[in-house]
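Notes follow the structure.
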Amino acid sequence: MRLIQPNEWHPADGLELEDNALEVVTSNENNLVVAGPGAGKTELLAQRACYLLQTNTCKYPHKILAISFKNDAAYNLRERVRQRCGEEASKRFDSFTFDSFAKQIVDRFCAAIPADYRLSKDYEIIIRDNRIKDLYKAASLDFFNTKEHLIKFHTEQALPISGGKNEDIYRKAVWKDLLTAQPQQLVSFPMLMRIAQLLIDTNPLVKKYLQQTYHFVFLDEFQDTTQVQYDFFKSCFLDSPSVFTAVGDDKQRIMVWAGAKIKVFEEFLTDTTAQSIALSLNFRSAPRLVELQNYLTEHLLNKPDKAIPSKKWKADQGECDVWLLQSQEQEKKYLFKKVSRWLQNDSVKPRDICILVKQQLEAYVGDLIKYFNENGINARDETILQNLITEDFVIYIVNSMYFLIDKKNGDAKRLAMQFLGNLRTEFYDEQLLRLDLGYNNFVAKLRGNYRRPLTDKLMNDLIQEIVDFAGIDRIKSHFPQYKVGSCFSEDLERVKAFIKNYYAIHKTLKPALDGFMGVNTIPVMTVHKSKGLEYHTVIFVGLEDGAFWSFNTQADEDKCTFFVALSRAKERVVFTFSKTRNSTRNSNQSLKSIRVLFEELQKSKIANIQEIK
Ligand SMILES: Nc1ncnc2c1ncn2[C@@H]1O[C@H](COP(=O)(O)OP(=O)(O)OP(=O)(O)O)[C@@H](O)[C@H]1O
């Protein structure tokens with residue numbers, strides 16, 4: 001890799017950075033970038049990674065650690081860095097979620113965990129908090145009124161658990177029950193993070209190893225950081241020479257219900273003496289939508305910041321519609337008609353459109369998804385597959401299959417080879433060339449053996465052979481999340497099952513793979529899942545009291561949720577209100593509790609509100 005002098009470095013891909021962004025990209029100080037939607041915060045992290053690696057400011061062999069909240073966000077950031085500064089440099093860029101980073105530390109250094117909290121190799125991760133809640137219930141602990149309070153209480157304290165109050169004794173007992181459960185120990189991700197923190201607090205060598213490995217630490221979507229995550233970050237890196245860059249937006253703080261720390265920006269600035277830096281451009285949304293976001297920022301969120309649209313747009317671009325409909329039945333048909341027209345006339349692809357709901361996806365749009373699919377527009381609940389299809393090994397399998405059916409598909413081969421190369425970071429160029437040749441021969445052999453139709457058995461065997469070529473042990477040892485337990489085999493079985501299902505529908509492999517990956521399919525998801533993403537058109541279904549049932553108790557967070565939905569759109573955003581919604585608990589819908597959202601849209605004079613007869 002050719003080294004670039006810092007003063008000769010330019011942002012990758014010809015992008016222009018505003019002055020503040022460029023200052024952060026090249027800075028050697030701790031910074032907190034606070035900026036609105038579409039300001040390029042994630043892009044700034046990608047550009048900073050390129051700067052640090054290409055100029056060797058992050059000196060070889062030290063690395064950059066980027067921590068995100070969701071698998072797909074970690075994946076997207078890693079991909080952006082790879083595209084911007086190439087395969088070789090990006091090997092020193094580790095992009096993980098908080099959860100997988102903590103798990104990796106625990107798995108790697110499990111013998112160093114103090115005895116009372118030690119985990120064996122095959123612990124089970126509890127995803128559903130109910131198991132924890134039930135244990136407290138069994139201990140007749142009723143001093144918390146909500147499950148959320150109880151779950152927060154469970155990991156509120158750093159380990160080891162101390163204190164002699166009743167609550168502490170119960171907490172200790174529940175932790176013990178979980179860590180001695182048979183046949184496997186049980187831990188939630190926040191528990192795992194507390195254990196990782198304990199490991200670091202009690203093992204200076206592990207701490208030193210982390211700090212020497214990662215000279216630069218990035219924190220994406222910092223507004224969503226929980227107390228447990230922040231404590232873990234501090235144990236790992238505070239007061240070390242590592243340089244921190246956090247980016248976030250307090251207008252997009254929608255995870256307070258899940259424990260996001262409201263004062264995290266302030267604490268970070270104090271703890272790390274970071275500078276707070278603002279950005280002013282919005283690269284994502286067209287000018288009319290930026291204007292609407294600015295209006296709502298001031299009048300709904302009571303914040304002073306204003307964004308400036310990028311110059312690539314014409315001043316009158318951007319549209320916001322609110323459609324008031326009579327029934328859910330009318331809503332699905334009207335939306336179908338509109339979406340069909342956009343797909344035909346506006347050169348918009350299904351993947352450029354996103355349907356969002358606040359929650360209860362099935363109740364709000366289950367019927368609509370069915371109706372779209374029955375009438376020729378693919379749409380699906382993306383939440384089911386979003387994590388799986390961004391897993392590296394899944395991308396490898398699918399691209400190997402695309403390459404199998406089309407030997408001219410160079411992109412598919414490149415992506416598959418990239419995965420294989422990453423599993424063998426110790427390889428020299430010559431060995432990589434041999435691997436390339438071996439992979440070509442392997443796929444050529446598969447092509448020769450490939451028979452149609454693919455029975456379930458043949459499909460299973462085909463996928464298994466592709467995985468075996470990469471080597472299950474190698475995959476497991478490379479990806480911390482797969483090292484222990486049965487996560488890998490479970491995910492692999494899910495991949496096989498999904499591809500077989502799509503194959504049963506389409507009868508040929510290409511559309512089956514496209515179906516699995518969601519090509520030509522409108523993604524449908526909750527606003528929470530849509531964070532960090534962007535679409536040409538966003539349709540928010542259910543601007544109603546029923547969907548915002550918690551508005552009276554958490555108005556600020558719900559206003560931010562509404563703002564996040566709106567700000568995912570590049571050119572068009574639509575809100576629907578339906579007078580009746582039979583699939584929900586209260587079929588008659590009103591606009592009383594959330595009147596302020598509706599009124600502010602109206603007052604903005606940008607939203608076009610229409611009653612649809
Ligand atoms: N300097 C730039 N020049 C041109 N386009 C940019 C620049 N920075 C970001 N973009 C583009 O703007 C869009 C938004 O960028 P990005 O996702 O980084 O914003 P963000 O601040 O993280 O957004 P959000 O907080 O809303 O998720 C992306 O399409 C990105 O490619």
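In each ligand, atom 1 is the first atom listed, and ligand 1 is the first ligand listed.
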Tell me the contacting part of E16 for ligand 1: side chain, backbone, both, or neither, using a 4.0 Å heavy-atom threshold, strictly below.
backbone

Under 4.0 Å, counting heavy atoms only: does R568 come that close to any atom of ligand 1?
yes

Compute the centroid of each ring, for F98 and then for F189, and state whether the two points are separated by less than 6.0 Å.
no

The protein heavy atom nearest to atom 25 (O) of ligand 1 is K41 NZ, 2.7 Å

In a check of ring pair (Phe, Tyr, Trp, His ring centres under 6.0 Å) between F575 and each of F598, F540, F548, which one passes?
F540

Ligand-residue contact atoms, ligand 1 with Q252, heavy atoms, under 4.0 Å
24 (P), 25 (O), 26 (O)

Centre-to-centre under 6.0 Å for F244 and F233, is that the case here?
yes

If you apply the rule salt bridge (charged side-chain N to carboxylate O under 4.0 Å, His left out), what do you find for R380 with E382, and how did you get there?
CA-CA 6 Å; R380 75 170 181 202; E382 196 72 4; 3.0 Å; yes

P37: numbered ligand 1 atoms lying under 4.0 Å from its heavy atoms:
26 (O)

Please write down residue, atom name and distance for the protein heavy atom closest to atom 22 (O) of ligand 1.
T42 OG1, 2.9 Å

Part of E221 within contact of ligand 1 (heavy atoms, under 4.0 Å):
neither

I'd like to know if R288 and E319 make a salt bridge, using a cut-off of under 4.0 Å between side-chain N and carboxylate O.
no

To the nearest 0.5 Å, tell me how far F265 CZ sits from F222 CZ.
7.5 Å

Ligand 1 versus K311, non-hydrogen atoms closer than 4.0 Å: side chain, backbone, both, neither?
neither

Quick test: of every protein heavy atom, which one is nearest to atom 26 (O) of ligand 1, and how far off is it to 0.1 Å?
R284 NH1, 2.7 Å

Run the contact test for L17 against ligand 1 with a 4.0 Å cut-off on heavy atoms, strictly below, and give the result.
yes

Based purely on interatomic distance, does G38 place a nitrogen or oxygen under 3.5 Å from a nitrogen or oxygen of ligand 1?
yes

Atom 18 (O) of ligand 1 [closest protein heavy-atom partner, distance rounded to 0.1 Å]
E43 N, 2.9 Å

Ion pair check, K41 and E221, cut-off under 4.0 Å
no

Does the ring of Y364 carry K358 above it, NZ/CZ under 6.0 angstrom from centre and within 45° of its axis?
no

Has ligand 1 got any nitrogen or oxygen that is less than 3.5 angstrom from a nitrogen or oxygen of A39?
yes

Under 3.5 Å between some N or O of ligand 1 and some N or O of G40?
yes

Distance from atom 17 (O) of ligand 1 to nearest protein heavy atom, with residue and atom:
R80 NH2, 3.4 Å

Would you say T245 and R48 are linked by a side-chain donor-acceptor pair, where the criterion is simply a distance under 3.5 Å?
yes

Can you tell me which residue and heavy atom of the protein come closest to atom 3 (N) of ligand 1, and the distance to 0.1 Å?
F283 CE2, 3.3 Å

Is K251 paired with D249 through a side-chain N to carboxylate O contact shorter than 4.0 Å?
yes

In the protein, which heavy atom is nearest to atom 29 (O) of ligand 1, and how far is it?
E534 OE2, 2.4 Å

So, 4.0 Å and heavy atoms of S567: is ligand 1 close enough to count as a contact?
no

Under 3.5 Å, is there a donor-acceptor pair linking the side chains of E331 and S578?
no

